[in-house]
Amino acid sequence: MEGDLRGRSAEAREKRRDAASSAAIIIIFLLVALTHLLVLSSHFGATDPLIWWQQRAYAADGGPGGNAVAPDRLLSPDLEDNNPAACLSRHEASRRWKPTRFPMPPYLVERLRWYEANHRRCGPRTALYRDAVSRLRSAARNADHAAAGDHHHTCKYVVWIPTEGLGNRMLSLVSTFLYALLTDRILLVHEPPEMEGLFCEPFPGTTWLLPPADFPHKLDAATFSSRSKESYINMLHNNIIRYGYGDDARAQVLPAYVYLHLETVFLLTASVKLRLQNHTFCDEDHHLINKFDWMVVKSDNYFAVALFMMPMYRRELDRMFRAKGAVFHHLGRYLLRPGNRVWGMVDRFFEGYLAGADERLGMHVRNKQIFPVPPEIMFEQILRCAREHHLLPQVLATSEPPTAEAKKKKKNKAVAVLMLSLKPEYHDKLHAMYYTNATVAGDVVVSVHQPSHDGEQQSDARAHNERALAEIYLLSFCDRMVTTGWSTFGYVAQALAGIRPWMLLPVNRSKMRADVACVRPPSVEPCTHPQPLLLTCQ
Ligand SMILES: *[C@@H]1O[C@H](CO)[C@@H](O)[C@H](O)[C@H]1NC(C)=O
Ligand SMILES: *[C@@H]1O[C@H](CO)[C@@H](O)[C@H](O)[C@H]1NC(C)=O
Ligand SMILES: *[C@@H]1O[C@H](CO)[C@@H](O)[C@H](O)[C@H]1NC(C)=O
């Protein structure tokens, strides 16, 4: 496999993706995950900032931790006075998570409080917002305020457009929020019907929902593509904007908004690299982009990583995140609390099936590749991973109970397995195994539970998204996790939990068996890709 593969070209995205391109993407994800997992340390120098970050995270994750501050309080001191019933998960999720190893840096808390105040000042239904919308709608003069040096009386916005599956959406939304924090923009989200009420309003006393009628164009994923004339790169190519532009802004008028297209391009050459387009993460580009009051972002990935590679944001990021491997952990917990419908499912399932266990093991099995592995092979690998890492008790070749004598000596230990999969087969096999066979230790009782099995992923259906979010949260409440390495679902859950999972590796097709059943990634961060290439900065 050679050459430049535009795995996610604009054409392919606007149509439904055809089977070939989705298969290609999956292969690439496998390769990307493998490259990362197996050759990470030899591939990049230790001075590389991203690797340094991951190594630090590794140390932090393995080291002693224990930050017992109740994060809900820390995150939303104002909420007590508001309406706690509006977002139950904000108050209740924290007692379900294991205590986090990553203390919330005080400076980040300060920045979040500052952000919230700014959002209340500039958010929908404020006078400043109405001004900004009228400038946007009259397609006029973004540069006016910049020219007048009127920074205190204007507000800047970044509009997030959802695309792809729920996991991708959560990764790109958190990235966009980080971008908003760094650039003093207000994050506004477009909420299509399939996401309605999925997440709580994160900022007290205001809203993050963009009223669709306020925006001059139809707000949906199909409106924005790499070919949009508002795309930053197209404006640059067409000479509508230029570097150094706006320094004498009086002479020039910027378009009403800029669109930043941040979908991933994969390069298949000697080694697999994930890269973003030219001119998306260079300082000189962001100096220019920052001149726009309004911007729109559509992304399918965790581009937060790329922000860490930009000199202009590094200092601030270093202050905000002392433990670099916990960016999504902090921001995701802060931003992405499930709405009450989802929380109801989470709470009922947790109380009903998981709360009583002494230990909870979460498994997320995604067996959807170009050639899906037969379920027996996947199941064998799951058991091998569990055996090699002592995640589950071994069973005997008998269903007879241990002797009454042995039984008396010990108190039974209950292990609950949360099995998440689109198919029922892994649940059924594991359940049958622990139902039929006695465990070696005799005193461990294993129960296996699967909340739903939807068959196929359907990103457009609200109910499906609600179940998916409920399951991501349930997984994040487990003590230990087994995931499949190329799934954003697993990335989000591990980062919310702050736990490094055991990741099942792809099988070697020539013998239909994975040489190594599973490995642990170096950090809890979702991004397990190699360092993105930042192409050709000036
Ligand atoms: C990025 O820019 C460089 C230099 O201008 C050019 O050679 C390269 O083809 C560009 N890559 C893409 C993907 O546009
Ligand atoms: C469970 O017990 C049966 C015999 O009752 C045996 O054939 C089977 O191999 C056992 N399963 C495992 C996983 O050891
Ligand atoms: C797959 O297995 C074969 C046979 O053992 C081996 O020669 C080959 O190197 C393996 N491939 C990979 C990618 O590990």
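Both counts, for ligands and for their atoms, begin at 1 and track the order of listing. Index from 1, following the sequence. No hydrogens, no waters, no symmetry mates; every other heavy atom, side chains included, goes into these values. In this text, all values refer to a predicted model and were calculated from it rather than measured experimentally.
- The residue from Val440, Leu383, Asn437 that puts a heavy atom closest to atom 10 (C) of ligand 2 is Asn437.
- Using a non-hydrogen distance threshold of 4.0 Å, Leu396 registers as a contact of ligand 2.
- Salt bridge Asp347/Arg96: present, at least one basic N to carboxylate O contact under 4.0 Å.
- Ranking protein heavy atoms by distance to atom 5 (O) of ligand 3, first place goes to Lys511 NZ, 3.1 Å.
- For Tyr491 and Tyr302, the ring centers are positioned 6.0 Å apart or more.
- When hydrogens are left out, the protein atom nearest atom 4 (C) of ligand 3 is Ser510 OG, 3.9 Å; that is the closest non-hydrogen contact.
- Of all the atoms in ligand 2, the ones that sit under 4.0 Å from a non-hydrogen atom of Val395 are 12 (C), 13 (C), 14 (O).
- Between Tyr179 and Trp160, the ring centre distance reaches or exceeds 6.0 Å.
- For Arg169 and Glu164, the salt-bridge test fails: no basic side-chain N is under 4.0 Å from an acidic carboxylate O.
- Below 3.5 Å of separation, one finds no N or O of Ser399 facing any N or O of ligand 2.
- Within the set Val516, Asn508, Asp515, the minimum heavy-atom distance to atom 11 (N) of ligand 3 is found for Asn508.
- Between His364 and Phe489, a ring centre-to-centre spacing shorter than 6.0 Å is recorded.
- The pair Arg341-Glu466 meets the salt-bridge criterion, with a side-chain N (NZ, NE, NH1 or NH2) lying under 4.0 Å from an Asp/Glu carboxylate O.
- The presence of a protein heavy atom under 4.0 Å from atom 7 (O) of ligand 3 is ruled out.
- Remark: atom 14 (O) of ligand 3 lies closer than 4.0 Å to at least one protein heavy atom.
- In Tyr353, the OH atom is not crowded: 12 or fewer heavy atoms of neighbouring residues, nucleotides or ligands sit closer than 6.0 Å.
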